[in-house]
Number of protein chains: 2
Amino acid sequence: MVTLAEVARHAGVSASTVSYVLSGKRPISAVTRRRVTASIEQLGYQPHAGARALASSRSRIIALMVPLRTDMYVPVMLEIAVAVATTARAHGYDVLLLTGEEGPSALRRVTGSGLAEAVILMDVQLDDGRLPVLRTAGPPAVLVGLPADPAGLNCVDLDFRAAGALCVDHLAGLGHREIAVIGESPGVYARHTGFAERTLGGLRSRAAEREVRMLHRPCEGSHDAVAGVLARILDERPRVSAFVVQNETAVEPLLALLRRTGRAVPEDVSVVAVCADQIAAQASVPLTSVAIPAQELGRRAVERLIARLTGRPDGEGAAGVELLTPVLTVRDSSGPPPPPRTPGA
Amino acid sequence: MVTLAEVARHAGVSASTVSYVLSGKRPISAVTRRRVTASIEQLGYQPHAGARALASSRSRIIALMVPLRTDMYVPVMLEIAVAVATTARAHGYDVLLLTGEEGPSALRRVTGSGLAEAVILMDVQLDDGRLPVLRTAGPPAVLVGLPADPAGLNCVDLDFRAAGALCVDHLAGLGHREIAVIGESPGVYARHTGFAERTLGGLRSRAAEREVRMLHRPCEGSHDAVAGVLARILDERPRVSAFVVQNETAVEPLLALLRRTGRAVPEDVSVVAVCADQIAAQASVPLTSVAIPAQELGRRAVERLIARLTGRPDGEGAAGVELLTPVLTVRDSSGPPPPPRTPGA
DNA sequence: CTGAAAGCGCTAACAG
DNA sequence: CTGTTAGCGCTTTCAG
């Protein structure tokens, strides 16, 4: 292994000079710099990560904790993770992958050992067990998701309330007066995962404001489950003219069932989804949808962390909750409700 | 930060003793050990990762390179990644997340800087650009996937050839004489991703052996694309009585289309998939399938790496290709072909 | 603008 | 069974 000392000797300078050439922390004459960089190049020198971390107490590593559970929509998770890794690299950081399995202790471990300088937590629950560790003199952290009490925490998430409201606005604007919401599986609500409940809140309050009648049903993703929920909805509220779906796995079953029961989309019934753009665009009927900005979430999380790591001890722009504004893309699945059937037609 | 030296002082022993208590690399008397562990506990000591890596030249970190591309079935990727992380932790290793974006240079970087001791590569292409780095005095590595020339490389993968053969055996055993294969999107074949072609090879040769007529069509995952491919197949080979699908996103569209065109599964037509078990089990018709053992792949990859890292310099059991035996699970989508229609019925 | 030198916290001979 | 002592390779004062 080639060391900094060897580079220094090769270039005929001192070790510190090589170090400063690398870090740029003090002025170096053009000729020295050239000599040094040439030697580095020639010898194929690579600074030792451990030595660096030891001497500077900065590992240049961010820990990313992904949920072990896999009942949520996975592609979004991976997309966030990849965005985190990519953005981190762009700032000279590497990413350590932690699974939820180890829980709060994993945070203590990687952080206490100086392995990671900071952490990003995905899939945060409303009363997440990892939060106490973070509030109490914890390491710099950013949560992707919004817990019940975000006080003193750094969070990035989609504004799911606004997303819900956006769906209602779109449908109400088209003239729908009665809608049904097909939600995540019951387990997601039971775990209080926040985002599902926030979306619901947004849907409900905007529906009330715009005098739209609304029904909500959690739903497993299986074909049979969707069939059951759909049947119940149509039974209880025969005049429902639009569905809002927040459950990626329920999308195709729903569309298939609507087709099978002779309901054309969007002529007879409209469908609006809250899901990854890719899913919406590739559905058997391209769906009007509110996207989940996975890449943006990952990117923002890292950027806030970097700001905190490199900025003023408690500088601005790095604290509090940041909610990304949802965007609704109109595709082929939404339109005005069908004219009321003339009785006896 | 509390250091080993402080622990030593607190326990009234030397630093090396503390170190040896931690590593177990030499016998320690019960009483000393108790004193030391008590001090460690009390002071909340955590060894500094960087210092350790520097002194021992072992970082206890494995780099995992996941593809940036996302046109492959993502949940399998995440499942492998999580299995890698979990297994690595069980062996005292952490996992560094690399994206394909940086390419071969990322391998050089993390490995040359001593950041990672070894690497695991996912989604290996037949002529992967990262392979030269690995053959040439590269770091210990395990590939998940099988390149064209695995000589000198360490690979773990599902035996896709056998998987293909297994599908044919199952269908031939039920009496099917003519089958169609709906494959991955054309891009996957164009990239020479290996697994798709190996499956095809297994399907073809076993079909030839068992005198089953077979047709193969690559296929995008969209509903429309599947519709087009299906129409063509039924047109060209009206007597096809079974489908083998190796394309997770095509599964639901296919089932929906079969339903819509009045073909009952499995009475009129059988469907066998090569995909994640979860997908197969949750499909609108639970699918007979050959599973992709994501967890097992991740686990084996790590275990082979650990064996190589801790074992004899070039010990056994750590070299060459390991292909996992595929398992076919019979569910509700496969059965005997329908009786030949009596002409004029 | 550059050098010398003192650690960073831990491991692993080497000595008992 | 335990202690002493060199480093591991780099960063960063302190001096010039």
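Excluded from the calculations below are hydrogen atoms, water molecules and symmetry mates; all remaining heavy atoms, backbone and side chain alike, are included. Naming convention: chains lettered A, B, ... in sequence-line order (proteins, then strands); numbering from 1 in each chain.
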Please work out if B/V13 contacts a base, only the sugar-phosphate, or nothing of the nucleic acid, heavy-atom cut-off 4.0 Å.
->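 Sugar-phosphate contact only.
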Grab the CG-C1' distance between A/L115 and C/dC8 for me, whole Å please.
-> 16 Å
Grab the CD1-P distance between B/I28 and C/dA12 for me, whole Å please.
->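 In whole Å, C/dA12 P lies 14 Å from B/I28 CD1.
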A/T136 (side chain) donor-acceptor with A/V133 (main chain) under 3.5 angstrom =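 No, A/T136 side chain to A/V133 backbone: no donor-acceptor pair under 3.5 Å.
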Within the distance-only criterion (no hydrogens, no angle test), does the side chain of A/S113 pair as donor or acceptor with the backbone N or O of B/Q46 below 3.5 angstrom?
->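 No: the side chain of A/S113 does not pair with the backbone of B/Q46.
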Atom pair CG/CD of A/L43 and A/E6 - distance to nearest 0.5 Å = 7.0 Å
Would you call B/R89-A/E101 a salt bridge at under 4.0 Å N-O?
->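 A salt bridge is absent here (no side-chain N lies under 4.0 Å from a carboxylate O).
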B/R300/B/E296 salt bridge by N-O under 4.0 Å criterion |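 Salt bridge between B/E296 and B/R300, a charged N being under 4.0 Å from a carboxylate O: no.
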Given protein heavy atoms under 4.0 Å, the one-letter contact record of nucleotides 8-15 of chain D, with B base, S sugar-phosphate only and - none, is simply BBBBBBB-
